[in-house]
There are 4 protein chains.
Amino acid sequence: MNSPDQRRRSDRAHTAILTAAAESVSEIGYAKTTIEGIAARAGVGKQTIYRWWSSKGAVVLDALLTEHTVDEWPDTGELETDLRLVLRATAAEFADAPISATFRALLLDMQHDPALRESVMTRMLGPQLEATKRRLVSAQKGGQVDADLDLDVAVEVLFGPIYHRWILQTHPFDQTYADAITDLAIRALRPTGKAGRRRRTTPDRRTP
Amino acid sequence: MNSPDQRRRSDRAHTAILTAAAESVSEIGYAKTTIEGIAARAGVGKQTIYRWWSSKGAVVLDALLTEHTVDEWPDTGELETDLRLVLRATAAEFADAPISATFRALLLDMQHDPALRESVMTRMLGPQLEATKRRLVSAQKGGQVDADLDLDVAVEVLFGPIYHRWILQTHPFDQTYADAITDLAIRALRPTGKAGRRRRTTPDRRTP
Amino acid sequence: MNSPDQRRRSDRAHTAILTAAAESVSEIGYAKTTIEGIAARAGVGKQTIYRWWSSKGAVVLDALLTEHTVDEWPDTGELETDLRLVLRATAAEFADAPISATFRALLLDMQHDPALRESVMTRMLGPQLEATKRRLVSAQKGGQVDADLDLDVAVEVLFGPIYHRWILQTHPFDQTYADAITDLAIRALRPTGKAGRRRRTTPDRRTP
Amino acid sequence: MNSPDQRRRSDRAHTAILTAAAESVSEIGYAKTTIEGIAARAGVGKQTIYRWWSSKGAVVLDALLTEHTVDEWPDTGELETDLRLVLRATAAEFADAPISATFRALLLDMQHDPALRESVMTRMLGPQLEATKRRLVSAQKGGQVDADLDLDVAVEVLFGPIYHRWILQTHPFDQTYADAITDLAIRALRPTGKAGRRRRTTPDRRTP
DNA sequence: CTTTAAGCGAGACGGTACGTCTTGTCTTGGC
DNA sequence: GCCAAGACAAGACGTACCGTCTCGCTTAAAG
C-alpha cells in the first residue's frame with residue numbers, strides 16, 4: 001500500500017504530501033483532515049496521493065512514522081529501572097500531545113480497514129511490542145521475571161493500564177501514574193521466589 | 001440528547017429506530033451504518049432521529065444499552081475468586097461477538113465527540129468501573145488488596161490488559177487468558193510483606 | 001428526465017440553476033460550462049441539479065427553452081411570402097448568435113446521449129418541424145405545393161441548406177442567402193403544372 | 001498538426017495509432033474514445049500521439065481519411081443522371097454505417113476546435129464540395145442549371161437535405177429518399193422558362 | 001564503427017470535473 | 001399538530017482523462 005521505495009518520479013510530491021498530512025492533522029485534527037485537503041495543501045493532484053496510498057489513514061500513518069521511530073528498550077540489567085523509564089516516556093507521549101489524538105483516530109480507522117490495520121500493526125505497534133518482549137525475555141533470563149509467564153500477556157500488563165486510561169480519559173497522565181504502574185507491574189511479573197517452577201496459577205503465600 | 005423518557009408521541013418510532021440501529025450495526029458494521037440508513041430501515045424521517053439523538057454514536061449506544069445492562073460484582077469475600085469470575089465473563093463477552101466490535105468502534109468514535117464520550121462514560125463504563133472499585137474497596141478493607149494502593153490505578157491494572165488486547169486485536173480471547181490476567185492482577189494487588197496488611201479479616205485460605 | 005412540474009420544493013433553486021446555466025453558457029461557452037460551475041453560480045448543491053436533470057445538456061436545453069419558444073408559422077395564403085419571412089428569421093437566428101453555438105453543441109452532445117436526443121427532438125426541433133409541416137399541408141391543399149410531395153422531405157429541402165451552411169460555416173448568413181433559398185425552395189416545391197399527378201420518382205432515362 | 005510525412009522513426013507507431021483510433025471509435029464510439037485509450041490500445045506512449053496530432057478529433061480524422069478518399073463526380077452530360085447516382089451513393093454511405101456516426105461526431109466536434117475544422121474542411125469536405133461545384137459549373141454551361149444561380153447555394157440545396165436528416169436522424173436513409181431529393185433538386189436548379197436559358201445543349205427531355 | 005541525439009514506451013505529475021454519498025437542516029403534505 | 005418523506009446546501013469521496021513532464025531504452029544518422 002505504501003512502499004516508499006517504489007520507482008517514484010518526484011520525491012518533492014511525496015515529501016509535500018507527508019508534510020501536508022502532518023500539518024493538517026495537527027491543525028484541524030485527523031477527523032477533519034481530508035485527502036482533498038492534503039492534496040491542496042501539498043499542491044498535488046489527488047491522484048498522486050491515491051497512487052501511493054490507499055486511504056487517509058495510510059498517509060497519516062506514514063507521516064507519523066516519518067517523524068517518529070520506534071525506540072529500542074534500554075537494558076541496564078535492572079528491569080524496574082528500565083521499565084520505569086519507558087513507562088514515564090510512554091505516559092509523557094500519551095499525555096495529550098496532538099500525536100496522541102491522531103494515534104487514537106488511527107486505531108478507530110483501522111477497525112474497518114484491514115489494510116490499515118496491517119500497516120499500523122506491522123510498522124508501528126508490532127515493532128514496539130516486540131522490543132518490549134525482547135526486554136522481557138532478557139529479564140526472564142536474568143531471573144527478574146517469572147519464568148512461567150506468557151510474555152505476550154506480560155506486555156499487556158505493562159501497557160494495558162496506560163491504554164485503558166488513555167482511551168477512557170478517566171484520569172490525567174503524569175509521572176506519578178507511570179510510577180504507580182511500574183510498581184504494580186514489577187510486583188506482578190517478578191518470580192514468586194519459592195516453590196515449583198510449574199505454572200502456579202496462584203501462589204499466594206509469599207510471606208513466611 | 002438522548003433522554004429516552006421525554007414525552008414523545010410515538011414510542012413506535014423510538015423503538016423502531018433503536019431496532020434499526022442495532023440491525024444495521026450487526027449487518028453492515030458500525031462504520032458503514034449511517035443515520036440515513038437507520039431512518040430508512042426504521043421507516044422514520046431523519047428529523048425524528050435528530051430530534052432525540054445528536055449522532056450516530058448516540059443512537060447506537062442507546063441501542064446497545066437497551067439489550068445490555070451492567071452487572072454488579074459478586075462478593076464472596078475472596079477477591080481472587082470473584083475476579084476470576086468477572087474476568088472470565090468479560091473475556092467471553094469481548095471474544096469477538098459482533099457486539100464487541102460495535103462497542104469497540106463506539107469507544108473509539110467517542111474520541112472526537114465529547115457528548116458521546118459523556119454518555120458512554122456516564123451510562124455504560126462509569127457504573128461498571130465504579131462497581132469494580134466498590135469490590136476493590138471491600139477487598140482492601142479485607143486486607144486482600146494493599147492498603148496503600150490507588151484503587152483507580154488498581155482498576156486499570158485489572159482491565160487494562162484486556163482493553164489492550166481487545167482494541168489491538170493482537171491475540172484471541174479465551175479462558176486461559178482471563179486466568180492469566182487474574183493471576184497477575186492478584187500478584188500485583190495483594191499486600192506486600194513489609195508494610196500495610198492492616199487487617200486480615202479473611203485469611204487467604206487457599207492452602208490449608 | 002426533466003419534468004419541470006414535478007413536486008419540487010424550491011422554485012428558487014430551479015430558477016437559479018436555469019439562470020446560472022444560461023449565464024455560464026453565454027459567458028464561457030457550452031463546452032467549458034460544467035455542472036459544478038452551474039451549481040456554484042446558482043448557489044446550489046450539485047445533487048440538486050442531478051436530482052432534476054440527467055446531464056449538462058438537459059439543463060442547458062431547459063435554459064434555452066425557458067427563454068425561447070417555438071413560433072407557429074404565419075399563413076398569409078401565399079407560401080412564398082411566409083416562407084421568405086420564416087427563412088429570413090431563421091437565418092438571422094443562426095447567424096452566429098451565441099445561441100447558435102449552444103445549439104450546435106447540443107446537437108453534438110445528443111449524438112451520444114439518447115435521453116438528450118429525445119428531449120431535444122421532442123421539445124425543441126419536433127414542434128418546429130411539425131409547425132413547418134402543417135404550413136406545407138395547408139399550402140398543398142391550396143395547390144401551392146405539389147400534391148405528390150412527401151412533406152418530410154419538403155421540410156428538409158427548406159431547412160437543409162441552412163443547416164449545411166450553419167454546420168460547415170462555409171459562407172456567411174444574410175438576408176440574400178435566405179432569399180436565395182426561398183426562391184429555390186419554391187421552385188422545387190411548386191406543382192409541375194402539367195402531366196400526371198402520380199408519383200414520378202424518375203423518368204429514369206439514364207441511357208439515351 | 002498532422003503532417004504524416006515528417007521524418008519519423010517508426011511507422012509502426014503511426015500506423016498502430018491510426019488503427020487503434022479506428023478500432024476504438026468503432027467499438028465504443030467517438031465520444032468515449034480517449035487519447036489515453038488509443039495510446040493504450042496502440043501500445044504507444046501518450047506523448048507519441050501528442051507529438052503528431054493536436055486532439056482526438058485530428059487522430060480520428062486521419063484514421064478516417066486513411067480508409068476513405070473523396071471521389072470525383074461522374075459527368076455523363078446529363079446532370080440528373082449523375083446527381084441521382086451521387087445522391088444514392090451518398091445516402092448509402094450515410095445510412096448509419098458506424099463510420100457515418102463517427103463522421104457526424106467529428107463534424108460537430110470541430111465546432112469548438114478551429115484547427116480541427118480547418119483540417120476537416122481542407123482535407124475532407126472542401127474537395128468534395130468543390131468536385132460538386134465543378135459538376136454544377138459544367139451543367140450550368142450545358143444549360144441544365146439556371147445561369148443566374150449562385151452555385152455555392154446550389155451545392156447546399158443538393159446536400160443540405162441529406163445533412164439535415166443525417167444530423168438529426170429524423171428518418172432513415174434509403175434509395176427512395178435519394179431519388180426524392182434528386183427530383184426536388186433538379187426542379188430547383190433547372191433554368192426557369194422566362195429568363196436565362198442561354199443555351200440548351202441537352203434538352204430537358206422530360207416531357208415529349 | 002562509434003557516438004549522439006531523437007524517437008519511443010511507460011507512466012508520474014498537477015489539474016479539473018465527474019457522478020455519488022452523507023451530513024444536518026428545512027419544507028411539504030397526508031394522517 | 002405531528003411526522004414520513006425527502007428536498008436542500010455543502011462538500012468529500014474515488015475515478016477518469018487531460019496535456020505536460022520525466023525516465024531509461026532503443027535506434028538510425030552523422031561523424
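Note that these values count all heavy atoms, side chains included, but never hydrogens, waters or copies made by symmetry. Every chain is numbered from 1, with letters handed out A, B, ... down the list of sequences. What you see is a predicted model, and the numbers here were worked out from it, not measured in a lab.
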Query raised in the report: Under 4.0 Å between a side-chain N or O of C:Trp53 and OP1 or OP2 of E:dG19?
Result: no

Query raised in the report: Among all residues two or more places apart in sequence or in another chain, which pass the side chain to side chain donor-acceptor pair (under 3.5 Å) test with D:Gln47?
Result: none

Report summary line: Residues passing the side chain to side chain donor-acceptor pair (under 3.5 Å) test with A:Ser100, sequence neighbours excluded, are A:Trp166

Query - Distance, rounded to the nearest Å, where D:Asp113 contributes CG and F:dG19 contributes C1' - result: 14 Å

Query - Under-4.0 Å side-chain N/O to phosphate OP1/OP2 contact, D:Thr48 with E:dG7 - result: no

Query raised in the report: Over how many whole Å does the gap from B:His14 atom NE2 to F:dA4 atom P extend?
Result: 13 Å

Query raised in the report: Hey, are the side chains of A:Tyr30 and A:Asp109 touching, using non-hydrogen atoms and a 4.5 Å cut-off?
Result: yes

Query raised in the report: In residues 23-44 of chain A, which residues come under 4.0 Å of DNA chain F by heavy atom?
Result: A:Thr34, A:Ile35, A:Glu36

Requested in this report: Send over the distance from C:Gln47 CD to E:dG24 C1', rounded to a whole Å.
Outcome: 15 Å

Query - Interatomic distance where CD1 belongs to A:Ile49 and P belongs to E:dC13 [whole Å] - result: 11 Å

Query raised in the report: Starting at CG of D:Asp11 and ending at P of E:dA6, how long is that distance when rounded to a whole Å?
Result: 19 Å

Query raised in the report: Looking at the side chain of C:Lys46, which of E:dT20, F:dT20, F:dA7 is the nearest nucleotide?
Result: E:dT20

Report task. Apply side chain to side chain contact (heavy atoms under 4.5 Å, CB included) to C:Ile167 and list each qualifying residue two or more places apart in sequence or on a separate chain. Result -> C:Arg104, D:Leu107, D:Leu108, D:Gln111

Query raised in the report: Tell me: OH of A:Tyr50 to P of E:dG14, nearest whole Å?
Result: 15 Å

Query raised in the report: Is D:Arg51 near enough to E:dA6 that one of its side-chain N or O atoms lies under 4.0 angstrom from OP1 or OP2?
Result: no

Requested in this report: Would you mind listing every salt bridge (Lys or Arg N to Asp or Glu O under 4.0 Å) that reaches into residues 13-27 of chain A, with sequence neighbours excluded?
Outcome: A:Glu23-A:Arg41, A:Glu27-A:Arg41

Requested in this report: Applying salt bridge (Lys or Arg N to Asp or Glu O under 4.0 Å), name anything that partners A:Glu118, two or more places apart in sequence or on another chain.
Outcome: none

Query - Spacing between A:Arg12 atom CZ and F:dT22 atom P, to the nearest angstrom - result: 12 Å

